[in-house]
Every structure is written in structure tokens, then in C-alpha cells.
Undergrad: 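First, the structure itself, so that you have it in front of you.
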Amino acid sequence: QVQLAESGGGLVQAGGSLRLSCAASIRTFSNYAMGWFRQAPGKEREFVAAISRNGGSTSYVDSVKGRFTISRDNGKRAVYLQMNSLKPEDTAVYYCAAASMVLSTGAYTRNANEYGYWGQGTQVTVSS
């Protein structure tokens, strides 16, 4: 059973920073490409960032490029999202996800349908 647990959300002023963490109960964590998604009230779930199995490849939605950084520690079975220069439009519930299938070492996916395991989410609120 794969379980993902996010932490690190909270309330922050615009321009501030937060670091989200996702702990995975996956014995073979290094076999899974990982991603972060977010969903704001009344909006569709949105891709934020993805990282390959070995951490060597990453991808971001344009709106967070240069502000957010995704990383992973396979030894700790964890993935992180460092969020800097936060804006009110970043307010959402942020979800960690693990890919359904084992991808090649340097591959990632931005497609939510290719993620089979999801955490419960953590709320991020950015005040103006």
C-alpha cells in the first residue's frame, strides 16, 4: 500500500517562502517519478512540478518557474517543494503524487492521469 503524506503548508504573506515535504511509505521509492499538483477553490487541479526517479530531470508550470524548486531524497523517501516569492494566486491545496508506472530513470510526467497515488493535501494560503 502506497501512502503519501504532505506537510509544511500554512499561511504566509506575499513574497514569503514555504517548503512543502512529502513523506512516502514506498519501499522502492526510487522507482517512482513524483509530482506536485495544486487545486484552488473553484478551479481545476493544476500541475505544478515533477521530478524524475533519479532527481536529474524536473519540470514546472510556467507560472512557478524561477520561484519554486522540486527536489527529492530517495534515501529518506521524500520529495520537497521549495516555494519562494509566493503570490496570492499560489493559494491552493497542494498535493504530492507518485506515478502509476515505473518510468525510465530520467523521465517525469506532467499528466495527472499518469499518477496513481496521491496524498491528502496541505493548504497553502498567501495573503496580499
Side-chain angles (χ1 to χ4, degrees):
Q1 182 75 13
V2 173
Q3 292 186 326
L4 303 173
E6 304 94 338
S7 61
L11 173 64
V12 63
Q13 288 189 331
S17 298
L18 284 174
R19 187 191 193 213
L20 304 184
S21 298
C22 174
S25 65
I26 308 173
R27 183 171 297 180
T28 55
F29 180 70
S30 60
N31 282 350
Y32 292 80
M34 301 294 294
W36 286 96
F37 292 77
R38 66 186 179 187
Q39 187 166 21
K43 294 189 176 181
E44 297 287 322
R45 181 174 53 189
E46 175 188 35
F47 166 79
V48 176
I51 190 165
S52 62
R53 291 168 53 191
N54 63 1
S57 300
T58 58
S59 179
Y60 300 91
V61 66
D62 285 347
S63 60
V64 309
K65 283 181 181 177
R67 300 188 298 122
F68 290 12
T69 302
I70 188 172
S71 61
R72 66 188 295 161
D73 185 332
N74 287 343
K76 294 183 178 180
R77 303 177 189 174
V79 63
Y80 308 99
L81 187 67
Q82 178 66 45
M83 306 186 295
N84 298 328
S85 302
L86 282 160
K87 304 175 180 180
E89 50 264 43
D90 294 318
T91 295
V93 177
Y94 283 71
Y95 297 91
C96 167
S100 302
M101 299 176 61
V102 177
L103 305 177
S104 60
T105 304
Y108 54 78
T109 178
R110 299 163 62 107
N111 185 347
N113 293 327
E114 295 182 354
Y115 286 87
Y117 309 101
W118 295 82
Q120 298 280 50
T122 185
Q123 176 70 46
V124 171
T125 303
V126 185
S127 63
S128 57

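From a predicted model like this one, the values you see are computed outputs, not experimental measurements.
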Undergrad: I'd like to know if the side chain of S52 and the backbone of S57 have a donor-acceptor N/O pair within less than 3.5 Å.
TA: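 Side chain of S52 to backbone of S57: a pair is present.
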Undergrad: In the structure I gave you, are the side-chain heavy atoms of T122 and V93 within less than 4.5 Å of one another anywhere?
TA: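 In short, these two side chains do not touch, never coming nearer than 4.5 Å.
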Undergrad: May I have the step-by-step check of side-chain hydrogen bond (donor to acceptor under 3.5 Å, both in side chains) for N84 and S17, ending in yes or no?
TA: CA-CA 4 Å; N84 298 328; S17 298; 2.9 Å; yes
Undergrad: Give me each pair satisfying salt bridge (charged side-chain N to carboxylate O under 4.0 Å, His left out) with a member in residues 69-88, each pair once, sequence neighbours excluded.
TA: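 Qualifying pairs: none.
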Undergrad: Looking at Q120, I'd like to know if its CD atom is crowded, meaning that more than 12 non-hydrogen atoms belonging to other residues, nucleotides or ligands lie closer than 6.0 Å.
TA: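 At most 12 heavy atoms, drawn from other residues, nucleotides or ligands, come within 6.0 Å of this atom.
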Undergrad: Write down the atom of L81, the atom of A49, and the distance for their closest heavy-atom approach.
TA: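 That would be CD1-CB, 4.2 Å.
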Undergrad: Distance-only criterion, 3.5 Å: show the donor-acceptor pairs between side-chain atoms of residues 19-35 and protein atoms not counting sequence neighbours.
TA:
{"residue": "S25", "atom": "OG", "partner": "Q3", "partner atom": "N", "Å": "2.9"}
{"residue": "S25", "atom": "OG", "partner": "Q3", "partner atom": "O", "Å": "3.2"}
{"residue": "N31", "atom": "OD1", "partner": "R53", "partner atom": "NH2", "Å": "3.3"}

Undergrad: Between Y80 and I51, is there a shared hydrophobic cluster once you connect ILVMFWY residues whose side-chain heavy atoms come closer than 4.5 Å?
TA: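 In one cluster with Y80: I51, no.
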Undergrad: Mind jotting down which residue pairs meet the salt bridge (charged side-chain N to carboxylate O under 4.0 Å, His left out) criterion with at least one end in residues 117-128? Sequence neighbours excluded, please.
TA: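 Not a single pair qualifies under salt bridge (charged side-chain N to carboxylate O under 4.0 Å, His left out).
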Undergrad: Mind checking whether Y108 and V61 sit in one hydrophobic cluster, side chains of I, L, V, M, F, W, Y counted as touching below 4.5 Å?
TA: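 Cluster IDs for Y108 and V61 differ.
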Undergrad: Which distance, rounded to the nearest 0.5 Å, do you find between the OG1 of T109 and the CD of E114?
TA: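 Interatomic distance, T109 OG1 to E114 CD, rounded to 0.5 Å: 3.5 Å.
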Undergrad: How far apart are the closest heavy atoms of S128 and A14, and which atoms are they?
TA: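 Smallest interatomic distance, heavy atoms only, reads CA-CB, 4.3 Å.
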Undergrad: Test your reading of the model: is there a side-chain donor-acceptor pair from E6 to the backbone of C96, 3.5 Å cut-off?
TA: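 Here the side-chain-to-backbone pair exists.
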Undergrad: When you look at V48 and V64, which way does the side chain to side chain contact (heavy atoms under 4.5 Å, CB included) test go after all the steps?
TA: CA-CA 7 Å; V48 176; V64 309; 4.3 Å; yes
Undergrad: Scan for salt bridge (charged side-chain N to carboxylate O under 4.0 Å, His left out) pairs involving residues 28-41, sequence neighbours excluded, and state none if there are none.
TA: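 Listed once each, the pairs are R38-E46, R38-D90.
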Undergrad: Hey, is the main chain of V126 close enough, under 3.5 Å, to the side chain of T91 for a donor-acceptor pair?
TA: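 Confirmed, T91 side chain pairs with V126 backbone.
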Undergrad: Sequence neighbours left out, what pairs pass ring-ring contact (aromatic ring centres under 6.0 Å, His included) with at least one residue falling in residues 36-75?
TA: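 The answer is F37-F47, F37-Y115, F37-W118.
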Undergrad: Yes or no on side-chain hydrogen bond (donor to acceptor under 3.5 Å, both in side chains) for R67 and S85, after CA distance, side-chain angles and deciding distance?
TA: CA-CA 6 Å; R67 300 188 298 122; S85 302; over 6 Å; no
Undergrad: Which heavy atom in K43 sits nearest to a heavy atom in Q39, and how many Å separate them?
TA: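 Heavy atoms only, the tightest pair is O-NE2, 3.1 Å.
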Undergrad: Holding to side-chain contact (heavy atoms from CB on, under 4.5 Å), I want the full list of residues that pass it with A5, two or more places apart in sequence or in another chain.
TA: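 A5: no side-chain contact (heavy atoms from CB on, under 4.5 Å) contacts found.
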Undergrad: Keeping the roles fixed (side chain from S100, backbone from G116), state whether a donor-acceptor pair exists under 3.5 Å.
TA: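 Side chain of S100 to backbone of G116, a donor-acceptor pair under 3.5 Å: yes, one is there.
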Undergrad: Can T125 and Q123 be said to form a side-chain hydrogen bond (donor to acceptor under 3.5 Å, both in side chains), step by step?
TA: CA-CA 6 Å; T125 303; Q123 176 70 46; 3.3 Å; yes
